[in-house]
Undergrad: 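Take a look at this one; I'll ask things after.
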Number of protein chains: 2
Amino acid sequence: MKSKQETKQPEIRRKKTAEERRQDILEAALNIFTEKGYNGSTTAEIARGAGVAEGTIFRHFATKKELLIAVLSPKILEGIISLDKKHKDPVEFFRCFMKNRMEFIKENDGLVRFMFAEAQYHDEVREALSNGILGQGINIVQPWFEKGVKQGVFKPVPFPSVMRTFMGMVLFYGVFNHVFPGLSPENTIEEATDQTLEIFLHGLMVKEAKT
Amino acid sequence: MKSKQETKQPEIRRKKTAEERRQDILEAALNIFTEKGYNGSTTAEIARGAGVAEGTIFRHFATKKELLIAVLSPKILEGIISLDKKHKDPVEFFRCFMKNRMEFIKENDGLVRFMFAEAQYHDEVREALSNGILGQGINIVQPWFEKGVKQGVFKPVPFPSVMRTFMGMVLFYGVFNHVFPGLSPENTIEEATDQTLEIFLHGLMVKEAKT
DNA sequence: AATGTAAGTGAGTAATCACTCATTAATATT
DNA sequence: AATATTAATGAGTGATTACTCACTTACATT
């Protein structure tokens, strides 16, 4: 009789390290969270997605909320830092930065929308976003903006407004395409970036039409 | 013995019309939804907020989701239409429109954030938003934009990009202040609008710095 | 006053949820 | 080989959920 060996699972035990299991869970959680939202996702579904038992989740994360934080924390800074090149002038910097950000958003579209959606309801998400994105974002953008102002190429608009309009234009790229599909049908990232940057830097009005 | 008269509720019965009750429920639902999100809100809590029994909710709305739709539907168009004045030129129109929109968002901040947050997860919300806001928005904005292009005051940027950047800047005003409080500390709507409009119309760069 | 109808109620219900725990198994240590 | 440790399991649990329904009540009609 081969009862015990065959009736029980023959293969699903430990073939991965604890860390790998953790990553499986995080990955599945991210997928399900972004699709259904935090409160709309169940730990059972996440377990299924990760290919583990539900109890396993709680061995790695004390609560569901802790799982949420763990999912977002690394993602919040990811991609922010990748501004390695030395840019010569502020305009060049903003061009690269916007292109870089919009590509990131295009690729991590669901994640970005999820982060800002859940930030509405969870203090922890809001704080993580605020500390991560804003903190890093300011550190990177503000010096370049101020340099541009000093050089006389940028207007002395208050920096928060610059940051706000910039982020709004860039972040809304993902939201817009998701909520209003069918619009901007064959807009490539390059075109979208160029047109967004054009408005951000030079505005919608033609120069000659000065008041 | 006064048992039956006193143990039961002495006063809470019909003093309002069915329509008034419905409005009470919608109002309470809106408050609780915007605070905790759709899936984070319970019908029990909404009933409490509206001062009715839980069963009463389901006499007016078949399901919780139907309540969500009923909450949003009128709000989606509200305020959109209030562009009654005849504007003389496109620039003037965009100035008024942006000011109008940003005031609306400032006042209905929670609602707006809620709509876009839930649009991530519910097809019905997305469609309502898409049909309502975009449909009406395009009808209003596009003619003015095209008029401006014909007059030579606006650049011939593809309209979707104009709409997207405009909406992004405007809508993100509410999100920004909520997610990143402490920034732009004493920014009045007027200042914020002016600075946003400045960037939208003329861009961040000074004119002389033409390439 | 009697009766019919529409509105409101809240205890009840089946389903679902996040989370637990006793048990089992895989690895490390001796 | 024996033992200890760590990881994984999934049936079970109490709490919570959206929704129901038998009943009560307020009003309108006669």
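Letters A, B, ... are given to chains in the order of the sequence lines, protein chains preceding strands, and every chain is numbered from 1.
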Undergrad: Could you go over nucleotides 19-21 of chain D and give all protein N or O partners under 3.5 Å, atom names and distances?
TA:
from	atom 1	to	atom 2	distance (Å)
D:dC19	OP2	B:K64	N	2.6
D:dC19	N4	B:E54	OE2	3.4

Undergrad: Please give, in whole Å, the distance from C:dA6 P to B:E19 CD?
TA: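 After rounding, the gap between these two atoms is 17 Å.
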
Undergrad: Any idea which of C:dG8, D:dA18, D:dA8 is nearest the A:T56 side chain?
TA: D:dA8

Undergrad: Thinking salt bridges, do B:E45 and B:K36 make one under a 4.0 Å N-O criterion?
TA: yes

Undergrad: Let me know the distance between CD of A:E66 and P of C:dA18, rounded to the nearest Å.
TA: 15 Å

Undergrad: Of all the choices, D:dA8, D:dT9, C:dT9, which nucleotide is nearest to the side chain of B:A53 once you look at every atom?
TA: C:dT9

Undergrad: Please check if the distance between the ring centroids of B:F166 and B:F97 is under 6.0 Å.
TA: yes

Undergrad: Under 6.0 Å between ring centres: does that hold for A:F94 and A:F154?
TA: yes

Undergrad: Is a donor from one side chain sitting under 3.5 angstrom from an acceptor on the other, for A:Q23 and A:E19?
TA: yes

Undergrad: Specify the separation, in whole Å, of atom NE2 of B:H60 and atom P of C:dA6.
TA: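 One finds 14 Å between P of C:dA6 and NE2 of B:H60, rounded.
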
Undergrad: Could you state the atom-to-atom distance from CG of B:D24 to P of C:dA7 in whole Å?
TA: 15 Å

Undergrad: Respond yes when some side-chain nitrogen or oxygen of B:R21 is under 4.0 Å from OP1 or OP2 of C:dG8, and no when none is.
TA: yes

Undergrad: Please report, rounded to the nearest Å, how far the P atom of C:dT16 is from the CZ atom of A:R48.
TA: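 Between P of C:dT16 and CZ of A:R48: 12 Å.
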
Undergrad: Check for me whether the distance between the ring centres of B:Y38 and B:Y121 falls short of 6.0 Å.
TA: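 Distance test on ring centres: not under 6.0 Å, no.
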
Undergrad: List in chain and number order the residues that pass ring pair (Phe, Tyr, Trp, His ring centres under 6.0 Å) with B:H60, two or more places apart in sequence or in another chain; answer none if no residue qualifies.
TA: none

